[in-house]
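Step one of this worksheet: look at the structure below.
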Amino acid sequence: MRGLDFPTDPNLIVGLDRADDAGVYRITDNLAIIQTVDFFTPIVDDPYWFGQIAAANALSDIYAMGGIPKTAMNIVAFPLKKMPIDILRRIIEGGLDKLREADVLLVGGHSIEDDEIKYGLSATGFVHPEQVITKRNLRAGDRLILTKPLGTGIISTAIKGGLASQETIQAITRLMATLNRTAAEAMKRYPVHACTDITGYGLVGHLAEMLIGSGFGIRLVAGNIPIIPEAVEYAAMGMIPGGAYKNKNFRESLVNFETPIDPRIQDLLFDPQTSGGLLISLSEQASTKLLAELKEKGIEASAVIGEVVTQPVEEILIGP
Amino acid sequence: MRIIDARGLACPGPVLEAKASLGKGPTDTIKVIVDNEAAQHNVSRFLVHHGFEAKTHREGNDFHVIGSFKKGFSAVPAEEPEKKPGLKKIMVMVATDRMGFGDDELGLKLMANFIKTLNEIGPELWRLIFVNNGVKLTIKNSEVLPSLKAYEKNGLQILVCGTCLTHFKLLDEKQVGETTNMLDIVTAMQVADKVINI
C-alpha cells in the first residue's frame, strides 16, 4: 500500500498510516468505533468448525485493541456448482454460534460464487476513545504475556498433508475457535501499555510491529514461549507453511540468539497463526497479577514470554 | 538415484511426494526437484529427519535437493525388514506408568511386574512403545529400567514418544530406547500383526 495517499480526519484515532490491528474512529468524546475484516480459505475440514474459527479470528483485532465487538457481516465465496449448499450452511452456522457466544449480532453479509471456499467477517466494535490499546506504546521493563500457544500454521500444514492425528486436529481446532474475549476482559482491568494479536506474521512479525519506532528492544525467553508440542515434531518433518519462510526472510535480521536454540523452536517463532493469542505488554507487577488471573480463568497456556529492554534497540534477543 | 519431480506443488506437497517414495522401499540416494524455497527447506528437513544428509543446488529457477542415506543412522526406518518368516509382530503400546485405575500404588507395582513379565511373549514381541505418562518408565530411577535395557540388548525395539518427553521436560532423562514421533508410531501400528494397548 506504500505510495498511496490516504485521506485523514481529526477524529481518525487509528488509521492505515499506523498499521495497527483495526481502524478506530471517534464518534463522540466518549465513543469510538473499531472496524476490522478478515477472511480466508478453509483451515480445517469440518465446515462448522471452520466457521467458528473464522469468526473468532475476525473478532480478535477488536479484542486486541481493548474494544467490545457489537455487530458483524459475513463475507462468503462458495463454489455453488461443485459443492452442496449444506456445507455453506454449516460454515455460517459455525460463525453465527461463535458470534452468539461473543454477544455479537450478525447484521448482514455478501456472497459471491468462486472456485474455492472463502469465509470471514467484517466486524465493528465500540471503545472509549481514551482507552484504545494499540501496538505502539511499549515501556522499558514491561513484561510480555502471550495467551495462546504457537504452532497452528505448522499443524494446519500437517493436516493438509494428512499427517495430523484426530486428537491433534481436535485440539488445535478448539484452540483456534477460542475467542480472545476472556483474555481481553481480564487485560482491561490492568494498566496495559500495548497489545496486539498474533496472526499471519507469526510471533516475531507481530513483535517487530510493536518494536519498530519504540526505541526499545525485546528479550524473549525461549523456554517460556508456549508451543503446541506436536508442532515441534511436524516442523522436523518439514511440515512448515510457505508463510513461515516468508516471515523469516522478512524479519530474520531483527532476531539475535544469545545461545543456540533448537532450530525447530526457531521455526515456531515465524509460524503464521490463525486466530492466535493476545500479546500484551504491561509492567512487571501488573503482569504477575494478570497472568494469575488468566490462568484462573482457564487460559492455561498463558505465559510471560519476555520483557522490553533498553538495549539493544529495535532488536529481538532470544535467550534460553 | 531415485528422482522425484515435485515442481508446481505447494507445501506440504513435495514432502508428501518424498514420503510416498521412501514408503515404497529404502534407497541410498534420492533427488527431489522443487521450484520454491519453502519446499526446498521442507524437503531437506524431511530427508534429514529420515536419516539422510541433504544438499541443495540450484538449476535455473529450480532447486535440486539431494539426500544421501547416512550409514548407521539410529532412527528406525519407515519400512522394517521382516523379523522372521512365520513369526507374528506383536507391538505393545504403554500409555501410562501405572496399570489400571483405583489404587495408584498398586498400579505402579502392577506395571513394573507387567514390564518384567513381558518377555514371556517370546520372540513375537516386536516393539515396545511408550507414550504419555508411559515415558516415565524409561527415565532414570525407573524401577523397570534394568528390564528394559536387557530387552533392548536382546534386540527388542523400544520407542519413546519425543513429544511426550518434551512435554514432561524429560528429554535428557531418557535412559533407554529411541525417541520417536507419531508418524513412526502410526506406521508401526499398521505394520504390526497385533497391538496391545496398556
Side-chain angles (χ1 to χ4, degrees), chain A residues 41 43 116 149-151 153-169 171-172 202 222-250 252 261-268 270-272 300-301 320, chain B residues 6 9-20 22-23 32 34-52 54 56 63 65 67 75 78 95 131-132 135 159-172 179-187 189:
Chain A
T41 54
I43 183 156
E116 59 176 359
L150 303 176
I154 289 168
I155 292 180
S156 303
T157 310
I159 294 177
K160 274 186 205 155
L163 294 180
S165 66
Q166 276 310 312
E167 221 179 3
T168 305
I169 295 173
I172 79 146
N224 287 356
I225 300 172
I227 52 178
I228 307 165
E230 289 87 348
V232 179
E233 200 175 292
Y234 294 128
M237 287 164 57
M239 290 291 131
I240 299 173
Y245 291 106
K246 277 186 203 146
N247 289 340
K248 193 173 180 179
N249 287 341
F250 186 41
E252 202 172 20
I261 306 278
D262 184 339
R264 298 171 305 176
I265 306 289
Q266 291 185 32
D267 296 327
L268 282 153
F270 298 99
D271 185 41
E300 281 151 20
Chain B
L9 294 177
C11 290
V15 168
L16 298 177
E17 295 282 316
K19 180 172 172 285
L22 290 188
V32 185
V34 297
D35 59 9
N36 67 83
E37 219 182 312
Q40 178 246 312
H41 287 298
N42 277 340
V43 169
S44 300
R45 270 163 204 278
F46 172 79
L47 291 175
V48 168
H49 190 67
H50 285 78
F52 290 82
T56 301
F63 299 87
V65 186
V131 298
N132 210 320
V135 302
L159 303 183
V160 187
C161 160
T163 302
C164 312
L165 289 167
T166 311
H167 178 81
F168 294 118
K169 301 196 165 59
L170 292 173
L171 259 181
D172 299 329
T179 306
T180 189
N181 59 56
M182 200 50 83
L183 181 63
D184 285 341
I185 295 175
V186 171
T187 311
M189 282 176 159

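Order of the sequence lines sets the chain letters (A, B, ...), proteins ahead of strands, with each chain counted from 1.
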Search all heavy atoms of [X] against all heavy atoms of [Y] and return the closest pair with its distance.
X	Y	result
A:A236	B:H49	O-CB, 3.4 Å
A:G242	B:A38	CA-CB, 3.7 Å
A:K160	B:P12	CB-CD, 4.0 Å
B:M182	A:E233	N-OE2, 2.9 Å
A:P229	B:H167	CG-ND1, 4.4 Å

Handout entry: Test side-chain contact (heavy atoms from CB on, under 4.5 Å) applied to A:E230 and B:N181, step by step
Key = CA-CA 9 Å; A:E230 289 87 348; B:N181 59 56; over 6 Å; no
Practice task
Look at the side chain of B:E37 and the backbone N and O of A:Y245, then say whether any donor-acceptor pair between them is shorter than 3.5 Å.
Solution key: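 Such a contact is absent between B:E37 side chain and A:Y245 backbone.
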Practice task
Measure the spacing between CD1 of A:I228 and OG1 of B:T163 and express it to the nearest 0.5 Å.
Solution key: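 It is 12.0 Å, given to the nearest 0.5 Å.
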Problem - Side chain, backbone, both or neither of B:T166 within contact of chain A (heavy atoms, under 4.5 Å) - result: neither
Practice task
Measure B:K19 against the heavy atoms of chain A and call it side chain, backbone, both or neither at under 4.5 Å.
Solution key: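 For B:K19, side-chain heavy atoms alone lie under 4.5 Å from chain A.
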Exercise for the section: Let me see the working for A:M239 and B:V15 under side-chain contact (heavy atoms from CB on, under 4.5 Å), right down to the final yes or no. Expected result: CA-CA 8 Å; A:M239 290 291 131; B:V15 168; 3.3 Å; yes
Practice task
Pick whichever of A:G243, A:A235, A:A244 has the most heavy-atom pairs under 4.5 Å with chain B.
Solution key: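 The answer is A:A235.
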Problem - Part of A:I240 within contact of chain B (heavy atom distance under 4.5 Å) - result: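 The answer is both parts of A:I240.
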